[in-house]
Chemist: 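Quick one: the structure is below, and I'll ask about it shortly.
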Amino acid sequence: MCYHNTLKKTSMQIADYYEASFEVDLWEEVYHANGFTHPFWPVIGQKNPRELQMARWGLVPKKSLGSMDTQVTKHLNARCETVFEKPSFRNAIRQHRCLVPSTGFIEWRTWYGAKIPYYVYLCRQDLFSIAGILEEHLDTDTGEVYLTMALLTTPANRVMETIHNTKKRMPLILPRDLEQKWLDSTLSEREIKLCALPYQDEEMQFHTISKRVASNVDPFDKHILEQVSYPELSIQTLF
């Protein structure tokens, strides 16, 4: 699954990529966002494809009520294979798809009982979109309306099968030419499913990083993604 994301870009760079306005002028480059802390994240939704909005990571189904801070039904990910069947997701996948900007994500490889973190990113794009879904949530304590979102995941490609070698999942990364199509409100269920394919493994690259990322709480730590070598991995290469 995908619970750790990065967005090492400024507000202007993100806005330029999507040709959209971004009201958050002082977005700081994020080197490690842990989904379990439910951070706010910029997204492009179907309703406003020329505006970047902030959504809280952790989708709250439309039927849920209550205080945002006490919600227990916060979905970080949704599987492409079952997203049309699950009551929590089927409305959002049909009507509220979104693009979630990313510069790379973090996943763990199990190696003889140890967990080794990898930073995974694209060869030719330093900024890309992960497919997501949105829902609005009314916080009954404050009266504010929040956007909440979840990332879609697919079965792993060859690269991610080796890195994420337990669950063998990966985020649904959209090729540049499918980003606007993903937001098209006229897409049928079949057309949406045709977009939900694992990204080409030859277009991805990766390196191992420090295990302290597991306990890192500073999203602005520039050193957290630096390459770290693990001698035990030299016994066998990835491929």
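Since this is a predicted model, take the numbers as computed values, not measurements. Here, residue 1 is the first one in the sequence, and each next residue gets the next number.
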Chemist: Does any donor atom in the side chain of Y18 or E51 lie under 3.5 Å from an acceptor atom in the other side chain?
Modeler: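 Not at all, the side chains of Y18 and E51 share no donor-acceptor pair under 3.5 Å.
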Chemist: Does the side chain of Q205 come under 3.5 Å of the side chain of Y119 through a donor N or O and an acceptor N or O?
Modeler: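 Checked: Q205/Y119 side chains show no N/O donor-acceptor pair below 3.5 Å.
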Chemist: Does the pair R212/D221 count as a salt bridge with the N-to-O cut at 4.0 Å?
Modeler: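 Yes, charged N to carboxylate O under 4.0 Å.
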Chemist: Are any side-chain N or O atoms of W41 and backbone N or O atoms of M54, one a donor and one an acceptor, separated by less than 3.5 Å?
Modeler: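 Checked: no pair found.
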Chemist: Consider only side-chain heavy atoms of I, L, V, M, F, W and Y, link residues closer than 4.5 Å, and tell whether F22 and F40 are in one cluster.
Modeler: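 In one cluster with F22: F40, yes.
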Chemist: Going by the angle between their ring planes, with limits at 30° and 60°, are H4 and H32 parallel, tilted or perpendicular?
Modeler: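 Judged by the thresholds at 30° and 60°, the geometry between H4 and H32 is parallel.
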Chemist: Indicate whether the side chain of Y31 and that of H223 have a donor and an acceptor atom separated by less than 3.5 Å.
Modeler: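 Short answer, no.
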Chemist: Assess the side chains of Q95 and N91: does a donor N or O sit below 3.5 Å from an acceptor N or O?
Modeler: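 The criterion, which ignores hydrogens and geometry beyond distance, is satisfied for N91 and Q95.
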Chemist: So if you build clusters from Ile, Leu, Val, Met, Phe, Trp, Tyr with side-chain heavy-atom gaps below 4.5 Å, do W182 and F84 land together?
Modeler: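 Yes; F84 is reachable from W182 via cluster members.
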Chemist: Is it true that a side-chain atom of R56 and a backbone atom of H38 form a donor plus acceptor pair closer than 3.5 Å?
Modeler: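 Yes, because the side chain of R56 sits within donor-acceptor range (under 3.5 Å) of the backbone of H38.
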Chemist: Flag yes if more than 12 heavy atoms outside E19 fall under 6.0 Å of its CD atom; otherwise flag no.
Modeler: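 No, not enclosed.
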Chemist: Is any NZ, NE, NH1 or NH2 atom of the basic residue among D126 and K9 found under 4.0 Å from an Asp or Glu carboxylate oxygen of the other?
Modeler: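 Salt bridge present between D126 and K9.
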Chemist: Side chains of T6 and T103: is there a donor and an acceptor less than 3.5 Å apart?
Modeler: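 Yes, side-chain donor-acceptor contact under 3.5 Å.
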Chemist: Any side-chain to backbone donor/acceptor pair from Y230 onto I209? Under 3.5 Å, distance only.
Modeler: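 Yes; judged by distance alone, with no hydrogens or angles, the pair exists.
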Chemist: So, F89 versus H75, ring centres under 6.0 angstrom or not?
Modeler: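 Under 6.0 Å, so yes.
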Chemist: Identify whether the distance between the nearest side-chain nitrogen and carboxylate oxygen of R169 and E107 falls below 4.0 Å.
Modeler: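 E107 and R169: not salt-bridged.
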Chemist: For E191, enumerate each residue passing the side chain to side chain donor-acceptor pair (under 3.5 Å) test, keeping only those at least two apart in sequence or located in another chain.
Modeler: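 E191 satisfies side chain to side chain donor-acceptor pair (under 3.5 Å) with S188 only.
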Chemist: Any side-chain donor-acceptor pair under 3.5 Å between T153 and N77?
Modeler: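 No pair is found: no donor N or O on one side chain lies under 3.5 Å from an acceptor on the other.
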Chemist: Following the transitive rule for hydrophobic clusters with a side-chain heavy-atom cut-off under 4.5 Å over Ile, Leu, Val, Met, Phe, Trp and Tyr, establish whether F220 and L225 coincide in one cluster.
Modeler: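 No, it is not one cluster - the side chains of F220 and L225 are not joined through contacts under 4.5 Å.
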Chemist: Is the shortest side-chain N to carboxylate O distance from E203 to R124 below 4.0 Å?
Modeler: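 Yes.
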Chemist: For a quick check under 3.5 Å, do T154 and Y199 share a side-chain donor-acceptor pair by atom type?
Modeler: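 No donor-acceptor contact under 3.5 Å links the two side chains.
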